[in-house]
Amino acid sequence: METQKQTRRRGEKLENTILTAAWDQLNKVGYKDLTITEIASLAGTNKTTIYRRWPNKSLLVVSAFSKFVPRPKMHIPNSGNLRDDLVKLFEQLVNQLEFLTSGKFEGLLLDRLRDTSINKVFGRVDENNALQKFIVIILQRAEKRGELKINQLSQRVLELPFLLLLNEVISTRGIVPKESLTEIVDKILLPVFLRSN
C-alpha cells in the first residue's frame, strides 16, 4: 500500500518536472526548436515516458502552457449593436491567436490543428464550444434589441462563426488580419444573422 502511494507521488512529481523542463526550454529555444529528447534529458526521464502521457510535442506544450500561464479572460462585448459586438469579440480572439502564433509559440497552433482529428475540427460544434456560447449570448442580446429572431437561426448558422474563424486561422497560418474579421462580420455573418428578422 505504501509503495503505491509513493509511486503516485513520484508520478505527479515526474509530471511536474517534465512540464517545468518543457516550459523552461520553450522559453529558451522556442516551440519550433523544442525537442522531446532534450526535455526528457532535462527532466531525467526518457522519451517513452513523455509520449505515454503526451502523444506529441504540441500536447505537451499546451499542458505546460496551461500550468504556467493564467487562462486569458474573454469579455463578451455589449456595445448596443450586433455588428460592433461581433467585431469586438473576434478582435479579442485574434489578439489571443497572435500571442500563440508568434515569437516562441510560433508553430504551436498549426501543430494543434494538424494533430486534432478531422471530426473534432470540422465536425459539429458541440455545446461546450466557448466561442459558440459567446455568440449565442451576443445574439440573445441582439434579439432583445429587436435586431433578429434567434429561434429562426439553425444550428449550422450558430456554428458558422467558429468555422469561418477556423478557416482564416488555417489559411493565414494563424496570423489573421483584423480587416478579415470585419469582412467576415459585414459580408457573411450579418447578412445571415439578420435575414431572420
Side-chain angles (χ1 to χ4, degrees), residues 31-32 56-59 61-63 65-66 69-197:
Y31 179 77
K32 283 184 175 180
N56 54 59
K57 181 172 82 168
S58 66
L59 280 173
V61 171
V62 167
S63 293
F65 186 87
S66 299
V69 179
R71 182 183 289 269
K73 291 184 179 178
M74 287 288 295
H75 167 70
I76 304 175
N78 190 12
S79 61
N81 71 78
L82 179 59
R83 182 202 181 270
D84 290 348
D85 286 350
L86 291 172
V87 169
K88 288 176 181 177
L89 178 64
F90 272 42
E91 284 177 348
Q92 286 182 76
L93 292 168
V94 166
N95 288 337
Q96 290 185 22
L97 286 175
E98 285 176 354
F99 177 70
L100 289 174
T101 54
S102 60
K104 296 187 184 300
F105 292 98
E106 186 178 354
L108 171 60
L109 184 61
L110 292 178
D111 274 1
R112 284 302 302 126
L113 288 173
R114 186 173 58 245
D115 293 334
T116 302
S117 75
I118 200 73
N119 288 336
K120 287 184 179 177
V121 173
F122 292 106
R124 292 182 67 80
V125 182
D126 66 30
E127 62 184 7
N128 294 317
N129 181 277
L131 176 57
Q132 184 175 330
K133 287 181 179 178
F134 296 156
I135 293 292
V136 167
I137 291 170
I138 286 172
L139 292 175
Q140 288 170 338
R141 290 172 178 168
E143 182 176 47
K144 287 180 181 176
R145 295 190 298 263
E147 293 181 70
L148 52 79
K149 295 182 176 67
I150 194 170
N151 65 345
Q152 293 183 17
L153 301 177
S154 70
Q155 181 62 29
R156 289 185 188 278
V157 169
L158 295 177
E159 292 169 3
L160 190 58
F162 170 79
L163 295 174
L164 289 171
L165 183 61
L166 180 62
N167 180 66
E168 285 297 312
V169 169
I170 293 171
S171 63
T172 63
R173 299 185 62 80
I175 309 297
V176 182
K178 292 188 179 177
E179 314 83 69
S180 297
L181 299 182
T182 56
E183 187 174 354
I184 288 171
V185 169
D186 290 337
K187 295 188 177 178
I188 303 174
L189 293 179
L190 283 180
V192 170
F193 288 152
L194 298 180
R195 192 172 55 189
S196 69
N197 196 9

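Quick note: numbers below take in every heavy atom, side chains included, and nothing from hydrogens, waters or symmetry partners. All residue numbers in this chain count up from 1 along the given sequence. Keep in mind that this is a model prediction, so the values were computed, not measured.
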Inset, instruction - Indicate the atoms forming the closest heavy-atom contact of Pro191 with Ile188, along with that distance. - result: CD-O, 3.4 Å
Legend entry - Interatomic distance, Ile184 atom CD1 to Leu181 atom CG [nearest 0.5 angstrom]: 5.5 Å
Inset, instruction - Output all residues satisfying side-chain hydrogen bond (donor to acceptor under 3.5 Å, both in side chains) with Asn81, sequence neighbours left out; order by chain, then residue number. - result: Asp84
Inset, instruction - Heavy atoms only: give me the nearest Arg145-Gly80 pair and the separation to one decimal. - result: NE-O, 3.0 Å
Inset, instruction - Return the minimal non-hydrogen interatomic distance between Leu82 and Leu194, and the atom names on each side. - result: CD2-CD2, 3.9 Å
Inset, instruction - Nearest 0.5 Å please: distance from the CD1 atom of Ile135 over to the CG atom of Leu153. - result: 11.0 Å
Inset, instruction - Could you give me the CA-CA distance, side-chain angles and deciding distance for Phe193 and Leu160, then say whether side chain to side chain contact (heavy atoms under 4.5 Å, CB included) is met? - result: CA-CA 10 Å; Phe193 288 152; Leu160 190 58; 5.8 Å; no
Inset, instruction - Sequence neighbours left out, what passes side chain to side chain contact (heavy atoms under 4.5 Å, CB included) with Ile137? Give chain and number order. - result: Ile76, Gln140, Arg141
Inset, instruction - Kindly state each residue pair satisfying salt bridge (charged side-chain N to carboxylate O under 4.0 Å, His left out) with at least one member in residues 175-189, sequence neighbours excluded. - result: Arg83-Asp186
Inset, instruction - Find the distance between OG1 (Thr182) and CZ (Phe90) and round it off to the nearest 0.5 Å. - result: 11.0 Å
Legend entry - Distance, nearest 0.5 Å, that separates CD of Gln92 from CE of Met74: 4.5 Å
Legend entry - Backbone N/O of Ile150 and side chain of Glu143: donor-acceptor pair under 3.5 Å: yes
Inset, instruction - Hey, could you give me the CG/CG distance between Leu89 and Asn78, rounded to the nearest 0.5 Å? - result: 12.0 Å
Inset, instruction - Decide yes or no for Ser79 and Lys88: does some side-chain heavy atom of the first lie under 4.5 Å from some side-chain heavy atom of the second? - result: yes
Inset, instruction - Examine distances only and state if a side-chain atom of Ser171 and a backbone atom of Asn167 form a donor-acceptor pair shorter than 3.5 Å. - result: yes
Legend entry - Distance (rounded to the nearest 0.5 Å) between Leu190 CG and Glu147 CD: 8.5 Å
